[in-house]
Amino acid sequence: MGGFGFHGGSGFHGGSRMGGGDFVSAPAYVLLIASSITDARAFEVTMQNLTAAIAPFSGHLAVDMDKPVSWEGTGPAHIVVIQFASADQAQAWKNSDAFKSFDAELHKSSTLTMQLLQGLPMPSLGGRRGGRGAARFDAKAFEPNVKDYDQLLDQRLKNICKGC
């Protein structure tokens with residue numbers, strides 16, 4: 001099985017074409033989950049240096065959070081999500097000296113796991129023929145996501161407005 005663009009464990013697709021010839025790029029994410037932090041100060045310094053380490057590879061922090069709320073099971077001590085424009089750029093970072101230094105320092109201060117995740121395709125802003133508007137998506141493909149998000153927002157509003 002696998003998600004969009006994943007091919008049997010052999011690698012990732014960086015993008016595809018959708019109906020109408022629109023190029024679609026697919027971001028990649030590095031998910032770092034620290035189950036425990038053994039040296040809080042060293043971990044903090046390492047995380048502060050992360051932004052500079054990922055910048056040359058078009059990476060940026062999407063999530064950097066201590067003790068995220070766990071809906072089920074035991075939550076991690078810290079979670080980080082780094083977004084890259086493509087899996088190739090994430091891999092270039094992993095192969096770099098900047099990553100090797102970051103990884104070595106991180107392992108000195110924490111117990112963690114790290115995964116590469118392929119993101120869902122995004123429309124390329126300049127890739128449409130004719131130059132007007134964004135890439136077209138089939139709205140039905142996103143209906144389950146919209147329904148789930150609407151339910152989440154509805155539940156949050158109910159929690160906020162208790163007793164109003």
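Residue numbers start at 1 and run along the sequence shown.
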For this session: For residues T38 and K108, report the shortest heavy-atom separation together with the two atoms involved.
Result: OG1-O, 3.7 Å
For this session: Go through K94 and V30 one step at a time and tell me if the side-chain contact (heavy atoms from CB on, under 4.5 Å) criterion holds.
Result: CA-CA 10 Å; K94 185 176 186 297; V30 173; over 6 Å; no
Seminar exercise, completed: To the nearest 0.5 Å, atom OG1 of T51 lies from atom NE2 of H60 at 10.5 Å
For this session: Would you please say whether a donor-acceptor pair under 3.5 Å links the side chains of Q115 and T113?
Result: yes
Seminar exercise, completed: CZ (F43) and CD (E105) are apart, to the nearest 0.5 Å, by 12.5 Å
Exercise. What's the spacing between D64 CG and I82 CD1 if we round to 0.5 Å?
Worked result: 9.0 Å
Problem set entry | CG on L112 to CG on L31, rounded to 0.5 Å | 10.5 Å
Problem set entry | Test log, rule side-chain contact (heavy atoms from CB on, under 4.5 Å), inputs L32 and L106 | CA-CA 10 Å; L32 186 151; L106 201 56; 3.2 Å; yes
Problem set entry | A42 backbone acceptor or donor facing T46 side chain under 3.5 Å | yes
Exercise. So F99 and W93, would you call those rings parallel, tilted or perpendicular, with 30° and 60° as cut-offs?
Worked result: perpendicular
Exercise. Given the rule in the side-chain contact (heavy atoms from CB on, under 4.5 Å) test, do N49 and F102 qualify, once you have shown the distances and angles that lead to the verdict?
Worked result: CA-CA 8 Å; N49 295 333; F102 167 76; over 6 Å; no
Problem set entry | Expected output: side-chain Q118 to main-chain A26 donor-acceptor under 3.5 Å | yes
Problem set entry | Side-chain heavy-atom pair V80, L61 within 4.5 angstrom cut-off | yes
For this session: Work out which heavy atom in P27 is nearest to a heavy atom in L120; give both atom names and the distance.
Result: CD-O, 3.2 Å
Exercise. Which heavy atom in A52 sits nearest to a heavy atom in P56, and how many Å separate them?
Worked result: O-CD, 3.3 Å
Exercise. Run the side-chain contact (heavy atoms from CB on, under 4.5 Å) check on V45 and M47 step by step: do they pass?
Worked result: CA-CA 5 Å; V45 169; M47 295 311 298; over 6 Å; no
For this session: Work out which heavy atom in G119 is nearest to a heavy atom in Y29; give both atom names and the distance.
Result: CA-CE1, 3.7 Å
Exercise. In Å and rounded to the nearest 0.5 Å, what is the OG to CD1 distance from S70 to I79?
Worked result: 10.5 Å
For this session: Calculate, to the nearest 0.5 Å, the distance between atoms OG and CD belonging to S109 and E44 respectively.
Result: 10.5 Å
Problem set entry | S35-T111 side chain donor-acceptor pair, cut-off 3.5 Å | no
Exercise. Where do P68 and P76 come nearest, in terms of heavy atoms and distance?
Worked result: CD-O, 3.6 Å
Problem set entry | Least distance between heavy atoms, F57 atom then S96 atom | CZ-CB, 3.5 Å
